[in-house]
Amino acid sequence: MVPHDTISQDDVQALADSVTGPVIVPDDADYADEGRAYNLAVQHAPDVILGATDADDVAAGIRWAGRLGCPVSVQATGHGASSAIDGGLLISTSRMQEIVVDPVERTARVGAGVRWRDVLAATVPHGLIGLNGSSTAVGVVGYTVGGGLPILGRAFGFASDRVRSFEVVTPDGEVRHVDPDSEPDLFAALRGGKGSFGIVTSLTFSLLPLSELYGGGIMYPGADAAEVLAAFSRWLPTLPDAAAPSIALLRLPDLEFVPEPLRGQFVVHLRFAYVGGPLDGAELLAPMREVSTPLMEMVGPMSYLDVDQVHMDPVDALPFEDGGLLLHSFDETAQRALLELVGPQADTPLLMVEVRPLGGNLALPPVGVDSVSGRDAAFSFITIGLMVPPVGERVPRAIRDVMRAMEPFSTGGTMVNFHGRPGDEADRARAWSPEAYARLTAAKATYDPTNMLRFGHGVGV
Ligand SMILES: Cc1cc2nc3c(=O)[nH]c(=O)nc-3n(C[C@H](O)[C@H](O)[C@H](O)COP(=O)(O)OP(=O)(O)OC[C@H]3O[C@@H](n4cnc5c(N)ncnc54)[C@H](O)[C@@H]3O)c2cc1C
């Protein structure tokens, strides 16, 4: 089948002849699987998918698209599918699974399709970790070019702070080694500016010496939400940077991914991850153990390989819509405003609202120039709703209402990884400071003047 009126069967064949990986068009049996995002509410519909196996494949794909004047998008795991890809060439990086760990230099080089869980499986046996976020099913590259807010961010800063170099194919088809000396502007853009400047084919970053932590989660009855949130606020200032807490209000559906005793319940989920010993960890957590009678408690010493137990994010693909904000405060007034919409008495379709304290090393200025936002904020706030009947149709409105209620406590900014569906240019620009946005716009004009990379949450798209 001819996929698009500007792309002929001969064009598709020419691409297939120039690459090692598969070239897939809408009539092929594996088209749906190859293009599927983790967020099932987003249906990508590219004209052609290239299952790239290495940087040469990516470069050949980009040169091919450049000749045809067709747009290019990229997907590793689909965890960041906030808007649909419509037409053009989708470069799927899921086959690019190389992981090279140097335990002496304490670095890892990973291919564009690698997920955090595979990095940790390779590094933790050496007593080393990278700075993953709440779910290790997320792709390392997509997360890191968005800045990467790690579970242990207060202790160690953003994931993009640890990047040593990128290998990137820019829209001119050139494979570039990008580090702070060789390509300073592109290096700054790729550390937090997301995917508008080129397709990263591999990423080299520093590892940290750690293999265990003290952590997990406590589930309280949702009826105690006001008391738990108030106690959380009193407790936060007592914690060192080595302790990373967060709190979520969860209306758990009666679905399989939810642990049996919690299905269908409204709960408050305290997450705790501490870089230190179990005695200190237990002492730090003690005040929160007295707040209410937990429904479930799973906190203790753990191998870093079990770090997903801290947030317990769903692993399987789900249809959802989300939204995020950066907050300067989450005081009593903010908590009251939030509980009015999602507290025990509220009738809300939202699955989750989450508040993650920032600060600590996340507030330090970067080494060199970068494009990360959130260093000046106190909390990351996100909300998620499942787009399933009967609640799905009420979700977008409920997200807007919660965002509006939190606005007085917001810095006005967002993190690109937690922004939700990108809107118009003014809305997308909220993911960066005005200075960073101006630098990103200039980098876009230099590296992608024809706006080849125009999908997702980007600059100048
Ligand atoms: C369950 C869950 C938990 C999460 N937890 C966190 C968290 O704790 N901290 C955090 O910071 N974020 C978190 N995120 C957000 C996540 O980091 C982003 O959605 C990220 O974009 C996912 O990257 P991916 O490659 O897995 O997704 P994909 O959907 O495959 O890619 C998303 C986008 O990343 C960019 N991208 C991907 N690959 C490349 C490439 N090779 N070159 C250039 N750009 C590329 C593109 O813009 C692409 O559109 C979470 C998301 C989910 C769904």
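Everything quoted here is computed from the prediction, not taken from an experiment. In this chain, residues are counted from 1 in sequence order. Atoms within each ligand, like the ligands themselves, are counted from 1 in listed order.
A donor-acceptor pair under 3.5 Å is absent between the side-chain atoms of Asp427 and the main chain of Asp424, judged by distance alone.
Aromatic ring orientation, His79 versus Tyr38: parallel (interplanar angle below 30°, classes split at 30° and 60°).
Between the side chains of Asp102 and Thr107, not a single donor N or O lies within less than 3.5 Å of an accepting N or O.
Atom CZ of Arg394 has more than 12 heavy atoms from other residues, nucleotides or ligands within 6.0 Å. The 12-atom threshold is exceeded at CD of Glu174, counting heavy atoms of other residues, nucleotides or ligands nearer than 6.0 Å.
Residues Trp116 and Phe205 place their aromatic rings such that the two centres sit under 6.0 Å apart.
Near ligand 1, residues Tyr38, Val74, Gln75, Ala76, Thr77, Gly78, His79, Gly80, Ala81, Ala112, Gly133, Ser134, Ser135, Val138, Gly139, Val141, Gly142, Tyr143, Gly148, Leu149, Lys194, Gly195, Gly198, Ile199, Val200, Asp313, Arg356, Asn417, Phe418 each place a heavy atom inside the 4.0 Å sphere around the ligand atoms.
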